[in-house]
Student: 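I'd like to ask you about the structure that follows.
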Amino acid sequence: MTEGPTSLTSLQRELEQRSSPIGRRAFLGVAGLGVAGIFFGKSVSETLDESSIGKKAGQLGAPIGKWTYFTVTGEYPSMSKADYRLKISGLVDNPTTLTYSDLLQRKRTSMTKDFQCVTGWRVRNVPWSGVKLGDLLDEVGVQSGATALRFTSFDGEYTESLTLEQARRGDMLVAYSMLGGDIGRDHGGPVRLYAAPMYGYKSIKWLDGIEVVDKVIPGYWERRGYDIDAWTGRSNGRDDAAT
Ligand SMILES: Nc1nc2c(c(=O)[nH]1)N[C@H]1C(S)=C(S)[C@@H](COP(=O)(O)O)O[C@H]1N2
Ligand SMILES: [Mo]
């Protein structure tokens with residue numbers, strides 16, 4: 001019997017915050033400075049320790065091997081393939097807006113790799129397909145002075161970042177397919193990022209913008225304590241590399 005994924009909304013905040021370095025520090029008393037209030041709102045004042053995170057995640061249906069649908073807004077925005085647009089802007093020679101079928105018409109890259117959230121859940125051997133970020137960058141022409149990318153989501157809130165060097169790796173995908181089919185609404189479809197060598201928070205869902213910029217602008221969770229360079233096994237104090 002296969003179990004379906006679990007939907008979480010505000011619980012993501014709780015789980016992610018428990019796992020972030022700032023979140024952990026907050027438990028050790030830094031919260032008294034008021035930093036926690038700024039970054040985390042009230043949930044940080046609850047007293048869960050690290051071990052109870054895993055337990056709680058498990059109770060909520062988020063163990064290893066099973067997806068958890070995340071959203072920081074509490075909503076799962078819906079967008080048809082026909083209405084979908086990806087805007088590529090900033091320090092580029094040819095600013096472009098691509099439709100879903102524009103993406104399908106470009107060179108398809110596929111890979112099967114793990115998806116790992118920094119909170120501890122991991123899904124192994126996930127098939128992904130899409131267009132390499134590097135291919136899109138070549139197409140629009142990155143200007144000198146550019147060093148990084150800023151990604152936006154049509155959820156209106158989530159953002160992410162990559163350095164240009166990271167973005168040009170062969171395993172960074174603007175993905176339109178996962179698990180052998182279209183990317184569903186809950187997984188951030190019709191188009192999301194898949195940053196294979198990094199923790200799941202880099203893989204921004206409901207992707208609608210890529211801006212080429214002159215310096216790294218930390219993303220949503222990065223402003224809340226996660227490492228900007230999010231290599232699995234090498235960042236955020238974790239040592240269990242995905243493959
Ligand atoms: N727009 C958006 N993208 C997002 C998130 C989010 O809350 N909103 N959560 C991130 C985190 S922390 C993880 S682990 C993955 C989860 O992907 P899934 O919801 O498809 O399981 O999405 C990432 N991308
Ligand atoms: Mo995550």
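All ligand and atom numbering here is 1-based and tracks the order in the structure. Quantities reported herein were computed from a predicted structural model and do not represent experimental measurements.
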Student: Is any side-chain heavy atom of L193 closer than 4.5 Å to a side-chain heavy atom of V174?
Tutor: yes

Student: Could you state whether V213 and V142 fall into the same hydrophobic cluster, counting links through intermediate Ile, Leu, Val, Met, Phe, Trp or Tyr residues with side-chain heavy atoms under 4.5 angstrom apart?
Tutor: no

Student: Are L173 and K132 packed together at the side-chain level, in the sense that at least one heavy-atom pair is separated by less than 4.5 angstrom?
Tutor: yes

Student: Testing the basics here: between A167 and M172, what is the closest heavy-atom pair and its distance to 0.1 Å?
Tutor: O-CB, 3.8 Å

Student: Does an N or O anywhere in Y201 fall below 3.5 Å from an N or O of ligand 1?
Tutor: no

Student: With respect to W121, determine whether any N or O atom, backbone or side chain, lies less than 3.5 Å from an N or O atom of ligand 1.
Tutor: no

Student: Please report whether ligand 1 has a polar contact with D155, defined as an N or O pair separated by less than 3.5 Å (distance criterion only).
Tutor: yes

Student: Report the residues that fulfil salt bridge (charged side-chain N to carboxylate O under 4.0 Å, His left out) with R85, sequence neighbours left out, ordered by chain and then residue number.
Tutor: none

Student: Looking at I204, which atoms of ligand 1 are within less than 4.0 Å of one of its heavy atoms?
Tutor: 3 (N), 24 (N)

Student: Just grab all the side chain to side chain donor-acceptor pair (under 3.5 Å) pairs involving residues 138-151, residues at least two apart or on different chains.
Tutor: D93-Q143, R106-E139, D138-R168

Student: I'd like to know if G188 contacts ligand 1, where contact means a heavy-atom distance under 4.0 Å to any ligand atom.
Tutor: no

Student: May I ask you to list the atoms of ligand 1 that are less than 4.0 angstrom from any heavy atom of S153?
Tutor: 1 (N)

Student: So, do E160 and K205 sit near enough that their side-chain heavy atoms are less than 4.5 Å apart?
Tutor: no

Student: Counting only heavy atoms, which portion of R192 has something under 4.0 Å from ligand 1: side chain, backbone, both, or neither?
Tutor: side chain

Student: Can you find a pair of side-chain heavy atoms, one from M79 and one from P77, that are under 4.5 Å apart?
Tutor: no

Student: State whether the shortest distance between N or O atoms of V72 and N or O atoms of ligand 1 falls below 3.5 angstrom.
Tutor: yes

Student: Could you tell me, atom by atom, which parts of ligand 1 come under 4.0 Å of a heavy atom of S203?
Tutor: 22 (O), 23 (C), 24 (N)

Student: Do ligand 1 and H187 have nitrogen or oxygen atoms that lie under 3.5 Å from each other?
Tutor: yes

Student: Is the shortest N/O to N/O distance between T68 and ligand 1 below 3.5 Å?
Tutor: yes

Student: Measure Y220 to ligand 1 on non-hydrogen atoms and call it side chain, backbone, both or neither using the 4.0 Å cut-off.
Tutor: neither

Student: Taking 4.0 angstrom as the limit and counting only heavy atoms of Y69, give me the atoms of ligand 1 inside it, by number and element.
Tutor: 19 (O)

Student: Is it the side chain (CB and beyond), the backbone, both or neither of F115 that lies under 4.0 Å from ligand 1, heavy atoms counted?
Tutor: side chain

Student: Between A230, G200, G74, flag the one that comes closest to atom 23 (C) of ligand 1 by a heavy atom.
Tutor: G200

Student: Can you confirm whether or not the ring centre of F115 sits under 6.0 Å from the ring centre of W67?
Tutor: yes

Student: Are any non-hydrogen side-chain atoms of Y194 and V126 less than 4.5 angstrom apart?
Tutor: no

Student: For the residue pair F70 and W121, categorise the inter-ring angle as parallel (less than 30°), tilted (30 to 60°) or perpendicular (more than 60°).
Tutor: perpendicular

Student: Can you confirm, on distance only, whether ligand 1 has an N/O atom lying under 3.5 Å from any N/O atom belonging to W67?
Tutor: no

Student: Identify which of Y194, F70, Y158, Y76 has a heavy atom lying nearest to atom 10 (C) of ligand 1.
Tutor: Y158

